[in-house]
Structure formats: C-alpha cells, structure tokens
Amino acid sequence: MTTWFLIIDCNTFYASVEKVFRPDLRNKPVVVLSNNDGVVVALSQEAKDVGIKRGDLLFKIEELVKTHRVHVFSSNFVLYYDFSKRIETVVRRYFYDVEKYSVDEMFIEYTTDKSVDEIRETAKKIRDTISDEIKIKVSIGIAPTKTLAKVMNRYAKKDKRYQGVAILKDTNLLQKALFTYPAGDVWGIGRQHSKNLAAQGITTAWQFSQMNDNWLRKNFSIVGLRTARELRGIRCIDMELHPPDKKNILCSRSFGKPISELSDLKAAVSAFVQEVAEKLRRQKSVCKSIGVMVMTNPHRKDQKQYYNSVMLELPYAANDNLTLQEIAFIGLEKIFRTEHLYKKAGVFVNDLFSSENIQYTLWDNAAKISKRRHLFQTVDTINTSLGLIKLGIQKGTEAKHSMRQTKKSPNYTTDISQVPKIDMD
DNA sequence: TCTGGGGTCCTAGGACCC
DNA sequence: TCTGGGGTCCTAGGACCC
C-alpha cells in the first residue's frame, strides 16, 4: 500500500465561474475585481495573454481593457462559494474524506495498492466529471506529500501534455521535477523568503530541498524545515478533515466612498458586528473582548492620515449582536476623531472559547444574557432563510459605507429571481 | 475618482513568578 | 572577589496561505 496526496485545484476559478452562464464569453478575456472594484484578483488565461496580471489596478489597465475587449466583473462570492460546494459534492462521490483547503482547492489522502496508471485514470475521471457537470476545469497533482502534490499540480496546469493530471510516479523523479522549479513557487515559500534565498544563490526548489536541516531551521524556522523535508518526499503535513474552530474572527472592509461622520461609521461597525457575531454563533463560540479599528486612505498622501484600534473587555462572555455592539460602539467613540476621511473600518474578536461551558460570575445578569442568546438564535434562523433582520442603527444608512460593485454578475444559482431566463419566442 | 479581505503559525522579548 | 535560573504567559511583528 502506498499513500498519495491529491490536490484538486480549479483553474482561474472566479473567472471560469463567471463564464459558465455566459457562453458568449468563451475564449474571451475575463477579469474579476476585488471588493470596491479596485484591483484584479482573478483572470482568465485570455486576460493573462493580453498582459494583465493579478494585482493590477483597474484604472491602470483601462487601455488594455478597451483594446482587447476584456470583460470585467465585480466579485460575486456567493456565486463562487456555491460552485465550490458543487465541485466538492462531485469529488465526494469518489472520496469520502476531503479537505477543503480553500474555495478552489481540495486535498485528498489516498492509500491504495493501485498502480500509478490506475490512480491517474481515477483522477482523470474526476476531472472529466467536474468538467461535464459543473463546467469548470480543474488540475490535479498527485504525490507522496502535500507540498509535492502542489508542485505536480502546477505541472498539470501549465503543461498541456499532462492533460490536467500530473503524478509523481516515484521519488527517483524528484530531482527532475524540482530541478527547474522556482523556489518562490513552492507552497510555503513566499516573496520575502524567496528574496532572501535568491540573495544566497538558491533559486530552485531542488536547491532548497537539499539544504542542511540546521541551516533551514535557523533561517526559515520549523516551517521552512518542514517544507524542505516535504520536498524530499518525507511527509510532514497531514490532512485536516475537520476545520478547527477559528481562533480569531475579523470583519473589515473599505468603503465605496470615504466617511467622516461618526453616525455613518457606527452603521458600518454595526454591520461588521453582525457578521462577526453570526460567525461566532455558527461555530458555537463566545468572546470575552472585542476590538474596533478605523483608518483613513493610506494611498492618499495629500490627506491627513489616521489609524487607530482599541480592544475592550466585555462584561461577560457573549456572542449576541446587542452586547457586542454596545461595547464596539464604546470602542469606536474612543478612537473616533473628527476631521478625517475614513476609508476603512473593522471589528475583530480574539480569544474565543466554546459557548457550551460558560462560567458566569455572581454579578452577571444571567437572565438578561440568556434572553439575548435566545433572541439571536431566532434571528439566525430567520436570517438563514430570509436575511432580513438587522439592528435598527443600520437602517437606511447602508449606502454610505457600502462597497462599490458596479459590474456584479447575477446570483444565477442561489437566487430564484436571478436564474437565467430563456426566451422562447 | 480608483490600491481586497480573512485567516494561520512562529519567534523574540519582556513581565512576572517562585 | 559572587548579582540565578527556569518556567509561563503575553504581545508585537513578520512571515505565509488563498
């Protein structure tokens, strides 16, 4: 028996999803923008071919967009997440244990005595099924460790000869796979490490993997050592089938237009508190403190800059909007200064623990706390199906802090009023 | 006009305790 | 002629991922 790791990775995911309901965009360049339509976060191969890169500012590529008739979309996470779930469902028909690593990637651990060719055929079948049923192309990398599977995945994606599935047949081929593979493209080696490595003449994954353990440990911590060992074929990173509860939850967002009034910031903070509180309740956690941060636009050198954040203790461990909002507002008022144009705000909670075993002290108003918790359980139930209930402060003020999203596609798959219509006339 | 959002882990250093 | 040492907790900062 041999244990393999498969990684299934969707090609240019957001851009591909946007194309599914738009057959007229086949073979056309498509880009998807960040929140507020600021920068390119995803792009189709055709868009890459005309010279657009991830991270490009929209206003700087206007010329390219015009000349090459690039189709531009605001991000539609509801749609992408729904596609992600559909793809996962297909994969689970073949493998019960799937690690959802990100919205467009899944790891699978596969222990089998099947031959390399048989494994490749299975992978191809999964790939074809996803392509047929969901209309999304995926690449699959297969190897004895997660890090090597990621390496193979890139070969599967970049080199047509693999037809979307690349497997590291045996470790004798390690040197061949890593010899020309850029060190900076290895999973776990980012920009900074890559720069430091290059300064010492280390540019390939193979060179990195052959460095001395002590040196790796000293310069790149235990994380870097683990990466090097994984590249040698030694398994160091396991599957994570059940995502652990979040230890921190953050909700922050830039505003479509700058805000200067406290009341408008309050409306934004209230909305962020709502999101944070919902996430807390979803994982059955409570928090003992809550933080708020505000900032001006750091890119506007001509404007007065201000950044501040504050963390406040709650009177008791909680996860209901009302308690969290009360304290968040106190925090906001502490750090709010007039005369600034605020571009972004955020709400965060750290040190979460399970809501199942809260210890109240003698002074806690247990009745009030319990009432609030039940109230928001009900609110969650209603919002899950309708999404209508908000705290009063948010009423009518949404426009002031809402994002700019002028090019959003319909929620084709999750909103009955937005499904595509076919004209039969 | 225009610059994303949400996470994780690791390390070093200071405070504090006995 | 000497000025401990080990353990724990917390925080800030820096790296990484998508």
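First the proteins, then the strands, lettered A, B, ... as listed; each starts at 1.
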Using a strict threshold of under 4.0 Å (side-chain N to carboxylate O), is an ion pair present between A/Lys266 and A/Glu333? yes
Taking CZ from A/Phe348 and C1' from B/dG6, how many angstroms apart are they, rounded to a whole number? 14 Å
Can you check the A/Leu225 CG to C/dA15 P distance for me, whole Å? 19 Å
Can you check whether A/Asn214's main-chain N or O pairs, donor with acceptor, with A/Asn212's side chain at less than 3.5 Å? yes
Let me confirm one number: the CE-NZ distance from A/Met152 to A/Lys169, rounded to the nearest 0.5 Å. 9.0 Å
Is the closest basic N to carboxylate O distance between A/Asp9 and A/Lys137 below 4.0 Å? no
So, the side chain of A/Asn319 versus the backbone of A/Leu280: is there a donor-acceptor pair under 3.5 Å, distance only? no
So does A/Arg93 pair up with A/Glu88, basic N to acidic O under 4.0 Å? no
So, A/Asp132 and A/Lys135, do they make that salt bridge, N to O below 4.0 Å? no
For A/Ser254 and B/dG5, is the shortest distance between a side-chain N/O and OP1 or OP2 below 4.0 Å? yes
For the pair A/Thr3 (side chain) and A/Thr111 (backbone), establish whether a donor and an acceptor sit closer than 3.5 Å, ignoring hydrogens and angles. no
Contact class for A/Lys218 vs. all strands (heavy atom < 4.0 Å): base, sugar-phosphate, or nothing? nothing
Strictly distance-based, threshold 3.5 Å: is any side-chain N or O of A/Ser44 a donor or acceptor partner for the main-chain N or O of A/Val30? yes
Six-ring centre of A/Tyr306, A/Arg337 cation under 6.0 angstrom, axis tolerance 45°: no
Of all the nucleotides listed (B/dG6, B/dT8, B/dG4), which has the minimum atom distance to the side chain of A/Asn35? B/dG4
How many Å lie between CE on A/Met403 and C1' on B/dG6, as a whole number? 13 Å
If you compare every side-chain N and O of A/Asn248 against the phosphate oxygens of B/dG6 (OP1, OP2), does one of them come in below 4.0 Å? no
Which parts of residues 95-107 of chain A get close to DNA chain C, meaning a heavy atom less than 4.0 angstrom away? A/Tyr101, A/Ser102, A/Asp104, A/Glu105
Looking across every strand, which nucleic acid part, if any, lies under 4.0 Å from A/Ile249 by heavy atom: base, sugar-phosphate, or nothing? sugar-phosphate
Does A/Lys124 have more than 12 heavy atoms from other residues, nucleotides or ligands lying within 6.0 Å of its NZ? yes
NZ or CZ of A/Lys344 within 45° of A/Phe255 ring axis and under 6.0 Å: no
What's the verdict on side-chain contact (heavy atoms from CB on, under 4.5 Å) for A/Phe13 and A/Val103, showing C-alpha distance, side-chain angles and the deciding distance? CA-CA 9 Å; A/Phe13 185 52; A/Val103 71; 4.1 Å; yes
Regarding A/Lys150 and A/Glu230, does a basic nitrogen lie under 4.0 Å from an acidic carboxylate oxygen? no
Say whether, by atom type as modelled, one donor and one acceptor occur between the side chain of A/Lys28 and the main chain of A/Asp24 under 3.5 angstrom. yes
Whether A/Glu99 and A/Lys146 form a salt bridge (side-chain N of Lys/Arg under 4.0 Å from carboxylate O of Asp/Glu) is what I want to check. yes
If we take the C1' atom in both C/dC18 and B/dC2, what is their distance in whole Å? 24 Å
Let me know the distance between CG of A/Asn350 and P of B/dG7, rounded to the nearest Å. 11 Å
Tabulate atom names and distances for all N/O pairs under 3.5 angstrom spanning the protein and nucleotides 9-11 of chain B.
from	atom 1	to	atom 2	distance (Å)
B/dC9	OP2	A/Lys247	NZ	3.1
B/dT11	OP1	A/Arg217	NH1	3.0
B/dT11	OP1	A/Arg217	NH2	3.4

With respect to the phosphate group of B/dT1, does any side-chain polar atom (N or O) of A/Lys343 fall under 4.0 Å of OP1 or OP2? no
A/Phe77 CZ: over 12 foreign heavy atoms closer than 6.0 Å: yes
Euclidean distance, atom CD1 of residue A/Ile8 to atom C1' of C/dC18 [Å, nearest integer]: 17 Å
Scan residues 290-305 of chain A against DNA chain B and write down, sorted by residue number, each residue with any heavy atom closer than 4.0 Å; if none is found, say none. A/Asn297, A/His299, A/Arg300
Salt bridge flag under 4.0 Å for residues A/Glu275 and A/Arg253: yes
Rounded to the nearest Å, what distance is computed from the OH atom of residue A/Tyr14 to the C1' atom of nucleotide B/dG4? 10 Å
Which nucleotide, B/dT8, C/dC18, B/dG6, lies nearest any side-chain atom of A/Lys150? C/dC18
Could you give the CZ-to-P distance, from A/Arg404 to B/dG4, as a whole number of Å? 11 Å
Atom pair distance, as rounded to whole Å: OH in A/Tyr80 and P in B/dG6: 16 Å
Using a 3.5 Å limit on both distances, find every run of at least three consecutive Watson-Crick or G-U pairs that involves DNA chain B. B:5-18 with C:5-18
Basic-acidic side-chain contact under 4.0 Å: A/Arg86, A/Asp82: yes
Let's see if you can work this out: which of B/dG6, B/dT3, B/dG5 has an atom nearest to the side-chain heavy atoms of A/Val39? B/dT3
Where along residues 183-203 of chain A does a heavy atom fall under 4.0 Å from DNA chain C? A/Val186, A/Trp187, A/Gly188, A/Ile189, A/Gly190, A/Arg191, A/Gln192, A/His193
Are the aromatic rings of A/Tyr342 and A/Phe336 close, with centres under 6.0 Å apart? yes
Close residues, residues 45-74 of chain A, relative to DNA chain B [heavy-atom separation under 4.0 Å]: A/Arg54, A/Leu57, A/Phe59
